[in-house]
There are 2 protein chains.
Amino acid sequence: MRSLYHPSETDFRLPNILHALSDPIRLSIVRELARTGARSCGTFDLPVAKSTASHHFRILREAGIIHMHPMGSQYVNSLRRTEIDSRFPGLLEAILRAEESVPSKEAL
Amino acid sequence: MRSLYHPSETDFRLPNILHALSDPIRLSIVRELARTGARSCGTFDLPVAKSTASHHFRILREAGIIHMHPMGSQYVNSLRRTEIDSRFPGLLEAILRAEESVPSKEAL
DNA sequence: TCAATTGTTCGATAATAATAGAACTATTTT
DNA sequence: AAAATAGTTCTATTATTATCGAACAATTGA
């Protein structure tokens, strides 16, 4: 639980980014981050088990969408806005502009 | 081979759209369509079997990304640009624009 | 009418992905 | 030091997806 892999901006791949954002749970994480700023994993009320949530954070991280910064016993997640915008101008903005509700456990 | 399902604009779902575009083959189809205009399925030089290509066209169609118009024995595929832009402004533009900044590594 | 063309659908298989529980690591608190 | 907290990683299971070949359907052309 020390340092986690983060791709450099030049290693961002569009299919990876789109795949990471195509999951409703991951999309809700990204929307929350965009709306409220950096937050630890545990502050997200996700309708899945802890290990599954961890999996989703990992997908986002490895696609280059979020940065996970260790802080004490937690990880502070933040959107890699600048880098995503630099690599794929307008993409994140367009996705965030499209409103979508947080999925309930029943809806999954 | 008569009429195929096409969702109405209000039924477009962002996760479906993103998932459809997260596959390199489908992304290449969309890029070709954007670049050259409407074309039949057979004019795409895809590295997969005919049935697999058909599957990919179906995913794109059911997500609302393409329209498949029967014409003789073929289907003419076209991007549903206006409707996608209306529902998710800037999304398609950002994705198509990203093509130019994709590094030369690992094509498709 | 017969054959070729175009693409779908079906059935099967292999690969990927989502999910959860349990065990583990690191940190903080008591 | 022990317990609580935060999150990862491992293992397994299930669900979804990609893939292909074969069979099928519709249209076109000989």
Side-chain angles (χ1 to χ4, degrees), chain A residues 1-6 13-30 32-33 38-63 65-78 102-108, chain B residues 1-6 13 15-30 32-33 38-63 65-78 106 108:
Chain A
M1 202 167 168
R2 200 74 265 172
S3 65
L4 304 174
Y5 168 73
H6 289 82
R13 292 291 176 272
L14 186 57
N16 289 350
I17 298 262
L18 296 179
H19 170 254
L21 294 173
S22 71
D23 181 276
I25 290 181
R26 292 194 290 263
L27 203 46
S28 76
I29 292 172
V30 170
E32 280 290 287
L33 282 179
R39 295 166 49 179
S40 68
C41 302
T43 65
F44 294 82
D45 187 26
L46 303 175
V48 290
K50 195 171 55 162
S51 55
T52 302
S54 183
H55 160 75
H56 286 306
F57 281 103
R58 186 220 267 254
I59 299 288
L60 288 171
R61 172 172 50 79
E62 294 185 341
I65 296 170
I66 65 173
H67 186 264
M68 299 180 71
H69 175 70
M71 193 172 201
S73 63
Q74 338 191 120
Y75 274 105
V76 177
N77 304 280
S78 56
V102 181
S104 66
K105 191 173 296 186
E106 294 75 30
L108 304 173
Chain B
M1 201 166 170
R2 200 70 264 171
S3 66
L4 303 174
Y5 167 74
H6 289 82
R13 292 290 173 269
N16 290 349
I17 298 262
L18 296 179
H19 170 255
L21 294 173
S22 72
D23 181 276
I25 289 181
R26 292 194 291 263
L27 202 47
S28 76
I29 292 173
V30 169
E32 280 291 286
L33 281 179
R39 293 167 50 179
S40 67
C41 303
T43 65
F44 294 82
D45 189 26
L46 304 175
V48 289
K50 195 171 56 163
S51 55
T52 303
S54 183
H55 161 75
H56 285 306
F57 281 102
R58 187 221 267 252
I59 299 287
L60 289 171
R61 173 171 51 78
E62 293 184 343
I65 297 171
I66 65 172
H67 185 265
M68 299 180 72
H69 175 70
M71 193 171 201
S73 64
Q74 335 191 121
Y75 273 105
V76 177
N77 303 279
S78 57
E106 58 186 47
L108 215 83

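FYI, side chains are in, hydrogens and waters are out, and symmetry mates aren't considered; it's all heavy atoms of this structure. Each chain gets a letter, A, B and so on, in the order the sequences are listed, and its residues count up from 1. Note that the coordinates shown come from a computational prediction; the quantities given were computed from them, not determined experimentally.
For A:Arg39, the CZ atom counts as densely surrounded, since its 6.0 Å shell holds more than 12 non-hydrogen atoms of other residues, nucleotides or ligands.
The CZ atom of A:Arg58 sits 8.5 Å away from atom NE2 of A:His55, with the distance rounded to the nearest 0.5 Å. B:Met68 contributes atom CE, which lies 6.5 Å from atom OG of B:Ser54 (distance to the nearest 0.5 angstrom). Remark: A:Asn16 CG to A:Ile65 CD1 distance equals 9.0 Å, nearest 0.5 Å.
In this structure, the NE2 atom of B:His69 is 14 Å from the P atom of C:dT8, given to the nearest Å. Here the C1' atom of nucleotide C:dA18 and the CG atom of A:Leu60 are 14 Å apart, to the nearest Å. In this entry the distance linking CG of A:Leu21 with P of C:dA17 reads 15 Å, nearest Å. Rounded to an integer number of Å, the gap from A:Tyr5 OH to D:dG7 P is 22 Å. Between B:Arg39 atom CZ and C:dT6 atom P there is a gap of 14 Å when expressed in whole angstrom units. Computed from coordinates, the B:Leu46 CG to C:dT8 P distance equals 12 Å when rounded to whole Å. Taking atom OH of residue A:Tyr75 and atom P of nucleotide C:dT25, one finds them 14 Å apart after rounding to whole Å. Distance, A:Arg58 CZ to C:dT19 P: 15 Å, rounded to whole Å.
Taking the six-membered ring where the residue is Trp, the centroids of B:Tyr75 and B:Phe57 are separated by 6.0 Å or more.
At a threshold of 4.0 angstrom between heavy atoms, the contacts of B:Met68 are confined to the sugar-phosphate backbone, with no base atom among them.
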N/O-N/O pairs, protein side and nucleotides 15-22 of chain D side, under 3.5 Å:
unit_1 : atom_1 : unit_2  : atom_2 : d
D:dA18 : OP1    : B:Arg26 : NH1    : 3.1
D:dA18 : OP1    : B:Arg26 : NH2    : 3.0
D:dA18 : OP2    : B:Arg26 : NH1    : 3.4
D:dA18 : OP2    : B:His55 : NE2    : 2.9
D:dT19 : OP2    : B:His56 : NE2    : 2.5
D:dC20 : OP2    : B:Ala49 : N      : 2.6
D:dC20 : OP2    : B:Thr52 : OG1    : 3.0
D:dG21 : N7     : B:Ser51 : OG     : 3.2
D:dG21 : O6     : B:Ser51 : OG     : 3.0

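The closest side-chain heavy-atom distance from A:Ser40 to A:Met71 is not below 4.5 Å.
Using a 4.0 Å cut-off, no side-chain N or O of B:Ser73 falls inside it from OP1 or OP2 of D:dT27.
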